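Only one structure is covered here, and it is reproduced in the block below.
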2 protein chains.
Amino acid sequence: MSQVSKPVPVPGRRATKQRAAVVELLTTVNDFRSAQELHDELRKRGDGIGLTTVYRTLQSLSEAGEIDVLRTGSGEAVYRLCSSHHHHHLVCRVCGRTVEVEGPAVERWAEKIAAEHGFTDIGHTVEITGTCAEHAAP
Amino acid sequence: MSQVSKPVPVPGRRATKQRAAVVELLTTVNDFRSAQELHDELRKRGDGIGLTTVYRTLQSLSEAGEIDVLRTGSGEAVYRLCSSHHHHHLVCRVCGRTVEVEGPAVERWAEKIAAEHGFTDIGHTVEITGTCAEHAAP
DNA sequence: TTCGCTGCAAATGCTTTGCAAACAG
DNA sequence: CTGTTTGCAAAGCATTTGCAGCGAA
């Protein structure tokens with residue numbers, strides 16, 4: 001057979017304390033954070049880690065499908081552990097207030113649409129923006 | 001009193017050929033384009049326009065609510081005239097193939113959720129990502 | 001004639017890359 | 001040991017800003 005035992009095209013991830021620290025922090029906050037915020041937080045905690053490493057770790061985690069990535073309006077990328085409870089954001093254009101909302105219907109709709117087009121391994125991003133009651137124009 | 005007569009509240013937009021060219025191009029393509037793509041296209045056409053102006057025009061158009069803006073995975077911002085038929089994108093993570101999909105249900109869901117939280121003047125962004133049939137892992 | 005608009009060049013801010021030293025396996 | 005990972009410094013990109021000249025109202 002052509003069944004070889006180890007063609008290992010996978011680089012082979014190593015367990016370092018920096019990687020552990022990033023994952024641990026993401027687990028703790030369980031919400032979206034930018035690479036720089038995570039870096040600041042880790043340094044404050046005393047974990048000696050470079051910004052470059054944070055970026056590279058986040059990139060490899062996202063490639064491995066372990067974290068979700070999305071872009072903020074200002075062009076920053078924010079990351080969050082995949083797992084957890086999936087929710088979306090409703091954000092006020094004026095004051096920036098954010099409300100977390102759930103949308104089982106949307107989840108199902110996205111899965112269905114994607115499946116209809118032959119897509120698999122589906123993920124999605126939904127962002128609702130508006131003006132909150134406090135700042136509605138008269 | 002300290003009540004002066006002209007604190008000049010409204011900036012007052014002017015009609016320039018550059019602004020017209022940007023709007024005209026957006027009307028023609030009627031799809032999302034990055035600032036740099038729009039700039040290249042305009043120069044090829046012979047419209048003398050600076051990249052800075054394209055950026056500033058797009059920014060003022062989006063503040064005026066005349067165009068939609070969203071961020072691509074690579075951190076670029078893409079713009080499209082608001083009007084037109086509202087649709088969302090289903091994009092393949094591997095080959096980048098994009099399918100336009102509609103989601104009346106999502107539109108309604110977004111409106112409802114936002115209204116429940118006292119939000120008005122609602123807008124939303126939905127992006128579905130997945131792996132298309134051509135590139136599905138075995 | 002007025003300001004706003006334009007656009008070049010330079011500055012910003014986020015993210016990535018080059019490379020030598022530190023480290024896990 | 002051997003190949004990864006780290007992290008500093010520097011490079012890359014998209015986007016923004018400073019400022020002098022141009023042009024629409």
Side-chain angles (χ1 to χ4, degrees), chain A residues 6-26 32-64 66-80, chain B residues 4-26 32-64 66-80:
Chain A
K6 191 174 160 301
V8 65
V10 189
R13 226 108 262 169
R14 280 188 187 177
T16 67
K17 89 180 56 163
Q18 287 88 339
R19 174 171 295 250
V22 170
V23 173
E24 202 263 309
L25 178 51
L26 281 171
F32 286 100
R33 288 286 188 282
S34 73
Q36 319 228 15
E37 285 171 338
L38 292 169
H39 178 240
D40 286 353
E41 196 58 45
L42 289 167
R43 304 220 96 175
K44 274 179 199 147
R45 283 184 178 207
D47 295 302
I49 187 172
L51 178 57
T52 308
T53 302
V54 174
Y55 273 110
R56 277 195 282 229
T57 301
L58 291 170
Q59 187 173 295
S60 84
L61 284 172
S62 81
E63 279 168 6
E66 294 178 42
I67 61 178
D68 288 330
V69 191
L70 60 85
R71 298 266 169 184
T72 67
S74 60
E76 258 188 337
V78 287
Y79 310 80
R80 185 200 58 187
Chain B
V4 278
S5 49
K6 193 173 158 303
V8 66
V10 191
R13 226 111 262 167
R14 279 188 189 175
T16 67
K17 90 181 55 166
Q18 286 88 341
R19 173 171 296 249
V22 170
V23 173
E24 201 264 311
L25 178 51
L26 280 171
F32 286 100
R33 287 287 187 284
S34 73
Q36 319 228 12
E37 283 171 339
L38 292 168
H39 178 240
D40 285 353
E41 196 57 45
L42 289 166
R43 305 220 96 175
K44 274 179 199 149
R45 284 184 178 207
D47 296 301
I49 186 170
L51 178 57
T52 308
T53 303
V54 174
Y55 274 110
R56 278 195 281 230
T57 301
L58 291 170
Q59 187 172 295
S60 85
L61 284 172
S62 79
E63 280 169 5
E66 294 178 42
I67 60 178
D68 288 330
V69 191
L70 62 84
R71 298 266 169 184
T72 67
S74 61
E76 259 188 337
V78 288
Y79 311 81
R80 184 200 59 187

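Every chain is numbered from 1 and lettered A, B, ... according to where its sequence line falls, protein lines coming before strand lines. Everything numeric in this text was worked out from a predicted model, so none of it was measured.
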Exercise for the section: Check the distance between dC5(C)'s P and L58(B)'s CG and give it to me in whole angstrom. Expected result: 15 Å
Problem - Minimum-distance nucleotide to R14(A) side chain [options: dG7(D), dT6(C), dA24(C)] - result: dA24(C)
Handout entry: Side-chain heavy atoms of E41(B) within contact of E37(B), under 4.5 Å
Key = no
Handout entry: Flag side-chain contact, heavy atom, 4.5 Å: L25(B) against R45(B)
Key = yes
Practice task
For side-chain contact (heavy atoms from CB on, under 4.5 Å), just list the numbers for L58(A) and L38(A), CA-CA rounded to whole Å, side-chain angles, deciding distance to a tenth of an Å, and then say yes or no.
Solution key: CA-CA 10 Å; L58(A) 291 170; L38(A) 292 169; 3.9 Å; yes
Problem - Interatomic distance where CG belongs to D47(A) and P belongs to dG7(D) [whole Å] - result: 11 Å
Handout entry: Whether R80(A) side chain and L26(A) backbone form a donor-acceptor pair below 3.5 Å
Key = no
Handout entry: Under 3.5 Å donor-acceptor pair, R56(B) side-chain atoms to dG4(C) base atoms
Key = no
Practice task
Would you kindly give the CD1-to-P distance between I49(A) and dC23(C), to the nearest whole Å?
Solution key: 14 Å
Completion exercise
Heavy-atom nearest pair, Y79(A) first then A35(A), reads CE1-N, 4.0 Å
Completion exercise
Given protein heavy atoms under 4.0 Å, the one-letter contact record of nucleotides 10-15 of chain D, with B base, S sugar-phosphate only and - none, is simply ----SB
Completion exercise
Within residues 37-45 of chain A, those residues having any heavy atom closer than 4.0 Å to DNA chain C are none
Problem - Within-4.5 Å side-chain heavy-atom neighbours: R19(A) and L61(A) - result: yes
Problem - Stretch residues 15-26 of chain B: residues that reach within less than 4.0 Å of DNA chain C through a heavy atom - result: T16(B), Q18(B)
Problem - Closest approach of Q36(B) to L51(B) (non-hydrogen atoms, all atoms of both residues) - result: OE1-CD2, 4.2 Å
Exercise for the section: Go through I49(B) and V22(B) one step at a time and tell me if the side-chain contact (heavy atoms from CB on, under 4.5 Å) criterion holds. Expected result: CA-CA 9 Å; I49(B) 186 170; V22(B) 170; 4.0 Å; yes
Handout entry: Within-4.5 Å side-chain heavy-atom neighbours: Q18(B) and D47(B)
Key = no
Practice task
Mind listing the closest non-hydrogen atom pair of F32(B) and D68(B) along with its distance?
Solution key: CE2-O, 4.1 Å
Fill in the blank from the handout: Heavy-atom nearest pair, S62(A) first then V69(A), reads CB-CG2, 3.6 Å
